[in-house]
Chemist: 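My structure is below; once you've seen it, I'll send some questions.
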Amino acid sequence: MNEQLIEQITKMVVEKLQETKGLSETRKSDETMPVNLFAEAPVGRAVTVENPEADPAGAVTFHRTAEQKQPSAAPSQMTAAEACKKHDTKKQSDGKETELAELRKKTPARVGVGRAGSRPKTKTWLQFRLDHAAAVDAVYGEVPDELLSRLDLFQVHSRVADKEEYIRRPDLGRRLSDESKQTVMEKCKKGPTVQIVASNGLSAKAIEENLEDVYLSLEQSLRNLNIDMGTTFYVDKGRVALMDEIGEMLQPDVVVMLIGERPGLVSAESLSAYLCYQPRIGTIEADRMVISNIHKGGIPPVEAGAYLGTVIQKVLKYEASGVSLVNKEG
Amino acid sequence: MDQFNKRHETIISAGIDIGTSTTKLIISRFSLMNVAGTTHVPRIEIVDKEILYKSPVFRTPLLDASTIDTQGVERIVRSQYEEAGVTPSQIETGAVIITGETATKRNASEMIHHLSHEAGDFLVATAGPDLEGIIAAKGSGAYDYSAKSGKVIANIDIGGGTANMAVYKDKKLLGTCTMHIGGRLIEFQNGRVSSISPPVERLLAEQGWRLRVGDSADSPAVQQVTNFMADSLARIVSHDVASEDQVLLLGHTPSWQDHVDAIVFSGGVSECMYQHELGQVQVAEYDDIGVRLAEALKRNNRLQSFDWLEPVETVRATVLGAGTQTTEISGATIQVAPHELPLKNIPIYQHDFMFDLRKGLDLFDSAISEAIALYDSTREGQNFALYISNLPYMGFRDIQTLSQAIIRLMEKRPDPAQPIILIIQSDHAKVIGQTLVAMNVQQSVICVDQINVETGDYIDIGKALDSGVVPVVVKTLTFHTS
């Protein structure tokens, strides 16, 4: 089915739900839905439990599936003291609501979103489905050519034929195709101090959103530090360890690989920068290091680029990266 | 994974409190550690504070009623450093605070700046009744209680000269208030009144009570005064200020709006209530109304209606706060010109971008002119720090636009050669600093982030530590109600 259509329908359903609830949420917040990675506040009263009718009149009988402590006493038996207590609980639940709001502020995780019986509320569930769909889209998306030409990057390919193969065969994502190897050897400066490589990896969205800011900021940082830079290029469907082959081919001191992270339900556009000192075929994973979580809601891409410059400076100083760097630093 | 994070860095901090009656000193050691995960940009925080040395409580040396004995204070500090086994050059952060009546002495400002210079590499001079209350609340434990309990807690620090109140809820400052209530406002000698401070004289006159120097210490007027102080304090805490309380107010009326749930007493007078120091070395003997004031507070019915929480420190709350609670650590990704540090007493000017770069830049010119008018009206070259808050999401080209504007506007300062000092609210200090450098800015650049300040605050920035961060002390000299 058409992806846009699915999104439209989901949006419509969510809108309908909110309208019928008659909540004061404006439509504006609905319009921002696709980028609203997690709801800032749950809709309605978050911690209410919707109890099934205690005595349904119809033919359907409800059975308790879970053990429950003492169902609430009949209302007629409520004493003054209990009424007072009830008033207190209302106060308490208000307090709890502000406490929950505090907690929600501290994490993008879906906490305190309430429930309907034993399942999530429809809004929560749809939001979850939407975020999941965004994650899937990120994996199957493509990086726009316009971005690459704006940054003056040429494109090469790994040995992977399509996305399905990319996912099934990580080994093929770690090697350049023969044709690409030739292109790289022709176009790239040999033996630079720093070689930057970008790849969509598992999230094209991450590259689309963050590459420009990280790259320009990193470039500036390296220039300030007088560190020599090679010819940057973009690899379609690459894996992190592709840097080993590139290291072998171009003999740089440091390879920086800017690659889309596997998308999650909080962010589908998170970028990682993997670094390694003189990566060669057979380099062990412990010698790689990474700055992850580069996106709008994590480390701002511009700041990450600036910070990467100082990390590269350190790697060059100690002539080591990863665990070896930690050991040398003492 | 833990082994990557284990690299600790320690710095030594000193706190010195020169109060109306007493002077004390505290030396502590902070451990700094990267608390971010190995794959994240580092985040350096103070993870442990260890008290290395607590001095005894000394009488504040005075030359006469209006002059502090600077040399006497310095002698105390030097002797205590020796006792603690530290030298001034080892002190990397901390604060000297001059409190209560001492702050009004003729040579107070001169003395405190001299001392902050002599007693440590980066020791910050602080004063001001609101700040006293804030620091005492942090030292007494009231600040921490407020987060644990979720209650509105008023810390009332009563020393020799003043009572400094700071009200907190969930570690958020709700307001402050300072009153002329203190142990040393009436002093005795040989069972007779030997001195009465001016605010108490005014109170006596207003109420028509008779008390003069030379009267018996047991005169009923003394009791009347202490009872009045307790009543007045209770009214202030309850936000129920009566006209007769004005005489005891120092500065503004209570600036909090909330109902106070619990109170914590700290300061010398609270020592008379809790006796934390009992059996410790040479607690100075005081012949004044301190003990009777403590009695009056304990007896007061209205004060009893609040929850009373015991402070973790009594007489030492302020010095503990000054020594351990004033230092903050900047973000780890910053840009600083090492030769310009430390910088002291830099006033802050805040420019709020309101999450809109265009609008923020449109107002940028007038903001800088205003900052210059505010802090350097005589155009003598008093520098200021620009605090940039509420930036929108920034791309690299936005950063360049902003940096260009900063360079252009900083040239407008009366002395454009001074370093450009920027404090960025969001995590952007490194990139903005680097962009300024890339644009060949002529001045040195100090660009730090993740510090919360506002117009009217003063900031001191220490030397960069090994982990790349700088210690920062923010001094809120004026209190803003929102």
Side-chain angles (χ1 to χ4, degrees), chain A residues 35 92 95-96 98-99 102 105 150-151 209-226 261 270-275 286 288-311 313-314 322-327 329-330, chain B residues 1-8 34 36-43 147 149-151 169-172 331-336 391-403 424-441 445 447 449-450 464 466-468:
Chain A
V35 284
Q92 261 178 18
K96 285 222 172 93
T98 50
E99 224 179 293
E102 276 301 307
K105 257 193 256 165
R150 188 154 29 114
L151 295 177
E209 292 294 324
N210 309 307
L211 180 64
E212 175 169 343
D213 291 331
V214 175
Y215 180 65
L216 294 181
S217 178
L218 170 58
E219 194 183 26
Q220 169 179 280
S221 167
L222 291 176
R223 216 177 312 125
N224 277 5
L225 296 166
N226 274 323
E261 279 175 26
S270 184
L271 186 80
S272 278
Y274 282 84
L275 288 94
R288 285 188 236 283
M289 53 205 283
V290 63
I291 310 297
S292 66
N293 209 28
I294 304 170
H295 61 99
K296 269 194 199 79
I299 305 161
V302 282
E303 187 76 352
Y307 172 63
L308 274 171
T310 43
V311 178
Q313 194 182 28
K314 196 158 82 178
V323 174
S324 314
L325 177 64
V326 174
N327 286 338
E329 256 189 309
Chain B
M1 287 300 265
D2 239 27
Q3 57 180 341
F4 298 122
N5 279 336
K6 278 214 172 118
R7 234 171 303 128
H8 273 256
N34 176 13
T38 45
T39 70
H40 291 80
V41 168
R43 195 171 71 245
S149 62
K151 286 180 180 166
K169 183 186 183 183
D170 207 6
K171 291 197 170 180
K172 223 184 107 215
T333 52
I334 55 174
Q335 176 91 14
V336 291
L391 280 174
Y393 177 74
M394 303 276 282
F396 186 72
R397 294 175 214 275
D398 300 328
I399 296 280
Q400 284 182 315
T401 315
L402 175 65
S403 302
I424 318 287
Q425 184 187 37
S426 48
D427 188 6
H428 284 113
K430 184 119 211 161
V431 67
I432 292 176
Q434 259 177 21
T435 308
L436 291 173
V437 172
M439 289 175 168
N440 286 321
V441 69
V445 175
C447 190
D449 59 21
Q450 287 161 21
D466 291 343
S467 40

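Reckoned from all heavy atoms, side chains included, excluding hydrogens, waters and symmetry mates. Predicted model only: the values in this text are computed from it and were never measured. Residue numbers start from 1 in every chain, and the chains themselves are labelled A, B, ... in the order their sequence lines are given, proteins ahead of strands.
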Chemist: Just give me the residue among B/Asp398, B/Val437, B/Thr435 that pairs up with chain A most often, heavy atom to heavy atom, under 4.5 Å.
Modeler: B/Thr435

Chemist: Please name the pair of heavy atoms, one in A/Ser217 and one in B/Gln434, separated by the smallest distance, quoted to 0.1 Å.
Modeler: O-OE1, 4.3 Å

Chemist: Output the option from B/Ser426, B/Ala429, B/Gly468, B/Gly150 having the highest count of non-hydrogen pairs under 4.5 Å with chain A.
Modeler: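 It is B/Ala429.
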
Chemist: Please find the pair of heavy atoms, one from A/Gln220 and one from B/Val431, that lie closest to each other, and give the distance.
Modeler: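 The pair with the smallest heavy-atom distance is NE2-O, 4.1 Å.
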
Chemist: Are more than 12 heavy atoms, taken from residues, nucleotides or ligands other than B/Lys171, located less than 6.0 Å from that residue's NZ atom?
Modeler: yes

Chemist: Can you tell me which residue among B/Asp449, B/Ile399, B/Ile432 is in a side chain to side chain contact (heavy atoms under 4.5 Å, CB included) with A/Glu303?
Modeler: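 Going through the options one by one, the only one that passes is B/Asp449.
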
Chemist: Testing the basics here: between A/Leu216 and B/Arg397, what is the closest heavy-atom pair and its distance to 0.1 Å?
Modeler: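 Taking every non-hydrogen atom into account, CD1-NH2, 3.5 Å.
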
Chemist: Name the option with the most non-hydrogen atom pairs under 4.5 Å to chain B; the candidates are A/Gly305, A/Pro301, A/Gly298, A/Ala304.
Modeler: A/Pro301

Chemist: In terms of heavy-atom proximity below 4.5 Å to chain B, should A/Ile291 be classed as side chain, backbone, both, or neither?
Modeler: both

Chemist: Taking NZ in B/Lys169 as the centre, count heavy atoms belonging to other residues, nucleotides or ligands within less than 6.0 Å. Is the count above 12?
Modeler: no

Chemist: Please classify the contact between A/Thr310 and chain B as side chain, backbone, both or neither, with a heavy-atom cut-off of under 4.5 Å.
Modeler: side chain

Chemist: Can you confirm whether B/His428 sits close enough to A/Pro300 that some side-chain heavy atom of one is under 4.5 Å from a side-chain heavy atom of the other?
Modeler: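 A side-chain contact exists here, since the closest heavy-atom pair is under 4.5 Å.
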
Chemist: Could you have a look at A/Val214, A/Asn224, A/Val290 and say which one has the most heavy-atom pairs with chain B under 4.5 angstrom?
Modeler: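 Option with the greatest count: A/Asn224.
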
Chemist: Any idea which heavy atoms bring A/Tyr307 and B/Pro42 closest together, and the distance?
Modeler: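 Between these two residues, the closest heavy atoms are OH-CD, 2.9 Å.
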
